[in-house]
Amino acid sequence: MKTLLFAVLALLLGFLAWPYTAVYRLDQALQKDDRRAIEQLLDIQSIQQQIKRKMNKEVESSIGDVSNSFVDWLQKGIQRLGNDAIDSLVNLDWAISQFRSHNPDRQRGGFLRHLDHAFFDGPDSLLLRIGELDENPVHARLTLRGTQWRITAIYN
């Protein structure tokens with residue numbers, strides 16, 4: 001009985017640690033500027049879709065409250081690029097810049113030392129907050145997709 005309990009506990013702890021390994025891998029990829037590794041940890045289409053859903057007030061989104069600067073950035077992009085603005089603006093370079101936005105050297109480096117919050121908000125969802133609440137933090141959501149944890153939403 002003890003062995004079974006220990007095995008269940010070990011599996012539970014492993015599951016709880018699993019998304020944090022993805023956060024660590026993302027930080028390492030950002031530090032090494034490994035765009036391919038970063039891209040594998042992001043679901044850009046899902047990120048774009050969540051932003052589109054947030055802009056449509058009639059559809060539910062996994063994105064929480066957004067800052068005025070985020071809305072202004074989107075509105076300027078829509079004015080400049082039209083309806084395809086989100087698809088054009090939200091790409092790998094944008095995602096990298098969001099993760100590095102609280103890093104003094106925004107061209108290089110990771111985000112772990114600026115990570116203020118990283119907790120489950122569902123059994124298959126981990127919410128990250130990069131930067132203090134009063135510093136216009138960047139939020140990212142990791143979601144379990146099949147057998148991989150991937151970033152499925154980014155907003156500030």
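As a basis for the values below, the full set of heavy atoms in this structure was taken, side chains included, without hydrogen atoms, waters or symmetry mates. For the single chain, residues carry numbers from 1 onward in sequence order.
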Legend entry - Check ion pair D33-R100 (N to O, under 4.0 angstrom): yes

Legend entry - F111/V23 under side chain to side chain contact (heavy atoms under 4.5 Å, CB included): CA gap, chis, key distance, verdict: CA-CA 10 Å; F111 63 89; V23 172; 3.9 Å; yes

Inset, instruction - Kindly write out the residues that satisfy salt bridge (Lys or Arg N to Asp or Glu O under 4.0 Å) with R150, not counting sequence neighbours, or none if the list is empty. - result: none

Inset, instruction - Scan D116, D134, D121 and name whichever one has a salt bridge (charged side-chain N to carboxylate O under 4.0 Å, His left out) with R129. - result: D116

Inset, instruction - Applying side chain to side chain contact (heavy atoms under 4.5 Å, CB included), run through L112 and Y24 and close with a yes or a no. - result: CA-CA 8 Å; L112 271 186; Y24 178 77; 4.0 Å; yes

Legend entry - Contact check, side chains of W94 and I44, non-hydrogen atoms, under 4.5 Å: no

Inset, instruction - Kindly give the cluster partners of L5, where membership spreads through any ILVMFWY side chain lying under 4.5 Å from a current member. - result: none

Partners of [X] by side chain to side chain contact (heavy atoms under 4.5 Å, CB included), sequence neighbours excluded?
X	answer
T143	R141, R145, T152
E135	H102, E132
F119	Y20, H117

Inset, instruction - Please state whether the rings of W149 and F120 are parallel, tilted or perpendicular, taking 30° and 60° as the class boundaries. - result: perpendicular

Inset, instruction - With sequence neighbours left out, write down each residue that passes ring pair (Phe, Tyr, Trp, His ring centres under 6.0 Å) with H139, or none if nothing qualifies. - result: Y155

Inset, instruction - Check whether any side-chain N or O of D87 sits under 3.5 Å from a backbone N or O of Q48 as a donor-acceptor pair, and report yes or no. - result: no

